[in-house]
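The block underneath contains the structure these notes are about, expressed in structure tokens.
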Amino acid sequence: MRTSNPILSRRAFSRIDAPGTGVARPRTVGLSAGARRPGDRPGSPYAGFDDPGPAEEASAGGTPMTLDDVVVRTAASLGTVALAAVLSWTLLPVDETGVARSYAIAVGCALVAFVLSLLQTFRRTPSPALILGYAAFEGVFVGVLSDVTSTYIAPGVVVQAVLGTLTVSAGVLIAYRMRWIRVTARFSGFVLAAATGFVLLTFADLLFSAFGGGNGLGFDSGGPGIAFGVVGIVLGACFLALDFRQVEDAVAEGAPREEAWLAAFGLTLTLVWIYLEALRVLTLLRGDD
């Protein structure tokens, strides 16, 4: 199972437009520690903004994002992934006569999801249509892949992978809320560098498998495959902590409500990443029994 999360970094959320101007307040780049305003959090993407009062926000004509907005939109995005996965599991056959066609459809959907995710990544504003479209196509890929794995390789592994994803997510959330995980600039840089190396190794493994034959770099079986999958899960957990920090900063600094879709997009990408890596590890562990 390959990691399908194409996003290695998140752009910062925008702020509500300055009153009466129709343009966002400019972000000050490269503030020194002494130039930060009191109350600015180090590493916050909103450091250097003027703090608007309630009257100012009201006159700007925008509604600030809340945590409830993020929860609702994330539920919609993940619900779309789950619904598409269930439908593909039910409607696309994975018996000996239909598995090749179903898998081809799933790979095509994965490519479409990848393109949609890139389109959203390079947009200036979040698009609910692109985000939900990504979730639907990714759900088809996840559903067929899960069905094939459960039918031919490791029966029952899908339930274990879902429970593992929920456990990792809950653990990261608890650790983040308890401040056992501190998301700093150094932490973010390390995670992005490690994820870049991880994805490059994944592509190298694909190339060796496609053109060199054999088992590629050996990440699809045995101890190396399990270790590689565990690293993928740890990276997914780190990205989840980055997502939590970004949502927390966006809510605290008054990002507009529509930006909650961007938070939902990031969380969905990360959770799908964790699920696929959990599926990889559990499948390999079952194969070694």
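In this chain, numbering begins with 1 at the start of the sequence shown.
- A donor-acceptor pair shorter than 3.5 Å can be found between the side chains of T66 and D69.
- The cluster map of Ile, Leu, Val, Met, Phe, Trp and Tyr, joined by side-chain heavy atoms under 4.5 Å apart, puts L173 and V72 in different clusters.
- Hydrophobic clustering, with ILVMFWY side chains joined whenever heavy atoms are under 4.5 angstrom apart, keeps V159 apart from I233.
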If you apply the rule side-chain contact (heavy atoms from CB on, under 4.5 Å), what do you find for L271 with L240, and how did you get there?
CA-CA 8 Å; L271 291 171; L240 200 56; 4.3 Å; yes
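- In this structure, Y152 places its OH atom where more than 12 heavy-atom neighbours from other residues, nucleotides or ligands lie under 6.0 Å away.
- Going from atom OG of S188 over to atom CZ of R245 covers 8.0 Å, rounded to the nearest 0.5 Å.
- Hydrophobic clustering (ILVMFWY, side-chain heavy atoms < 4.5 Å, transitive): I181 and I174 are in distinct clusters.
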Worked verdict on F228 versus F198 for ring pair (Phe, Tyr, Trp, His ring centres under 6.0 Å)
CA-CA 9 Å; F228 197 65; F198 184 88; 4.4 Å; yes
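- Within a 6.0 Å sphere centred on OH of Y103, heavy atoms belonging to other residues, nucleotides or ligands number 12 at most.
- Residues L163 and Q160 fail the side-chain proximity criterion, which asks for heavy atoms closer than 4.5 Å.
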Worked verdict on L276 versus L145 for side-chain contact (heavy atoms from CB on, under 4.5 Å):
CA-CA 9 Å; L276 292 176; L145 181 64; 3.8 Å; yes
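- To the nearest 0.5 angstrom, R257 atom CZ is 9.5 Å from D68 atom CG.
- More than 12 non-hydrogen atoms from other residues, nucleotides or ligands lie less than 6.0 angstrom from OH of Y275.
- Of the inter-residue distances, the one linking S102 atom OG with W89 atom CH2 reads 13.0 Å to the nearest 0.5 angstrom.
- V142 and L87 are not part of a single hydrophobic cluster, where members link through side-chain heavy atoms under 4.5 Å apart.
- For the pair E258 and R73, the salt-bridge criterion is not met [side-chain N within less than 4.0 Å of a carboxylate O].
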For V112 and Y134, what are the C-alpha separation, side-chain angles and deciding distance, and is it a side-chain contact (heavy atoms from CB on, under 4.5 Å)?
CA-CA 8 Å; V112 173; Y134 156 80; over 6 Å; no
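- Residues R186 and T184 bring no donor and acceptor atom of their side chains to less than 3.5 Å of each other.
- Separation of atoms CG (L262) and CZ (F265) is listed at 8.0 Å; rounding is to 0.5 Å.
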Might you work through the side-chain contact (heavy atoms from CB on, under 4.5 Å) test for L78 and L267, ending with a clear yes or no?
CA-CA 9 Å; L78 289 175; L267 288 166; over 6 Å; no
